[in-house]
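All remarks here apply to the structure that follows.
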Amino acid sequence: MKSFPVVLALVAQAQAGLRFACSTLTIQRLDPVVESGKTPSAHLHHIVGGNAFNASMTGDVGERGTCTTCEMSEDFSNYWTAVLYFKHPTNGSYHRVPVKANAALAPGTTGGMTIYYTQHDFTTDDLKNQYITAFPPGFRMTVGSPTTETLDQAKGHIGLRYNCLQSLLNRGPEMVDFPTTPCPAGIFTVHHFPACWDGKNLDSPDHQSHMYNTIKYDGFTNAPPCPASHPVRMPQVTYETVWDTTKFNSMWPSGTPNPFVWSFEGSSGYGTHADYMFGWKGDSLQRAMNKSECFYDGCGSITKQAMSTANKCTVKDFVGEETDGWLDHLPGMEM
């Protein structure tokens, strides 16, 4: 298991790829990848990125977006995961867990996620030996599945892990399931996506088969060579989310099971999953991936914006349901 006693030390040594903040855009039941055109979708999602987000998304998302909650102002992609809830151990009611900003992000980031695009690993981009092809317009993919039910299945989803935060700078070891004791600084989730594309399909029926994962270990490691079936090496995309579970710690009786659930319920944390909808404008992502020995912002190859500007970006509420406060059922999960 990877351990991150001081995340800033990892960041300080980084010389390759992008790392940036995206504030929360919206929290609602939409999923234009898995349930395209359906309003509402089966379960609730936490979404960041561009304002082209809606129930049906096809074509060049980057050209339709007019604002983004991401620090990189040319990134109109959308990134989303399920939403974490606290299930009260006594009365069974649910309360949405708020999201807080990660460490070492742009000032003013509101909730949201940390987004990474890496070419090789954190210490080198290896561009002399391995060209990175940016995603094409219309591309989308998912990782993980809410139907994952066993430990062995969850272990097979390399890079989908949890940390019990001791502080924002001390993550502790990575875990396959939810923490079993209260976390002093919240629950940290990470979603690493595969980096090998078949070079043909922008999507696939299961939203995963057009990609192939050659990574065998958790953490920010370089993906081994792509197979002939999926020969095109793409950026390695990663999401990090900090769920602020601290206000619920006093409601978790000592010695009782984990009380946190995803918005699709489930019986464990094994079903963690994430969706990606590419939406960088023009060749902006390719410019950044072509930049050698550069971390965070593409060293001037792409444009940044203040988070005060990013935070003004919104989308309408397409569903119109209550998702916060104490609820007797999860959104969409009425008996």
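Because the structure is predicted, anything quoted here is derived from the model rather than measured. Numbers for residues simply follow the sequence, beginning at 1.
- In this structure, the ring of His95 has its center less than 6.0 angstrom from the ring center of Trp326.
- Considering every non-hydrogen atom in both Cys313 and Gly49, the closest pair reads SG-O, 4.5 Å.
- Between Arg29 and Glu35, no side-chain nitrogen of the basic residue sits less than 4.0 Å from a carboxylate oxygen of the acidic one, so the salt-bridge criterion is not met.
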side-chain contact (heavy atoms from CB on, under 4.5 Å) assessment of Gln236 paired with Thr221: CA-CA 9 Å; Gln236 294 176 238; Thr221 59; 5.7 Å; no

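- Using a 4.5 Å heavy-atom threshold, the side chains of Val232 and Cys226 count as separate.
- Ring geometry, Tyr79 versus Tyr276: the interplanar angle falls from 30° to 60°, so the pair is classed tilted.
- Proximity of the aromatic rings of Phe139 and Phe278 is defined here by a centroid distance below 6.0 angstrom, and this criterion is not met.
- In this structure the side chain of Thr323 reaches within 4.5 angstrom of the side chain of Tyr85, judged on heavy atoms.
- Under 3.5 Å, the side chains of Tyr162 and Trp243 contain no donor-acceptor pair of N or O atoms.
- The side chain to side chain donor-acceptor pair (under 3.5 Å) test with His157 singles out one residue from Thr272, Asn213, Thr148, and that residue is Thr148.
- A donor-acceptor contact closer than 3.5 angstrom links the side chains of Thr110 and Asn311.
- No hydrogens or angles considered: nothing links the side chains of Asn170 and Ser167 as a donor-acceptor pair under 3.5 Å.
- Remark: side-chain polar atoms of Gln153 are paired, donor with acceptor, to backbone N or O of Thr150 under 3.5 angstrom.
- Environment of CZ in Phe264: crowded, with over 12 heavy atoms of neighbouring residues, nucleotides or ligands closer than 6.0 Å.
- When atom types are taken as modelled, the side chain of Asn51 and the backbone of Cys67 share a donor-acceptor pair closer than 3.5 angstrom.
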Side chain to side chain donor-acceptor pair (under 3.5 Å) between His191 and Thr81, intermediate numbers included: CA-CA 9 Å; His191 297 88; Thr81 73; 5.7 Å; no

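- Residues Phe188 and Glu240 form a side-chain contact, since some pair of their non-hydrogen atoms from C-beta on lies under 4.5 Å apart.
- When hydrophobic side chains of Ile, Leu, Val, Met, Phe, Trp and Tyr are connected at separations under 4.5 Å, Phe76 ends up as a singleton with no cluster partners.
- Between Glu265 and Met333 there is no side-chain heavy-atom pair separated by less than 4.5 Å.
- With no hydrogens or angles considered, no side-chain donor-acceptor pair links Ser41 and Asp31 at under 3.5 Å.
- Between Arg19 and Glu71 there is no salt bridge, since no side-chain nitrogen of the basic residue lies less than 4.0 Å from a carboxylate oxygen of the acidic one.
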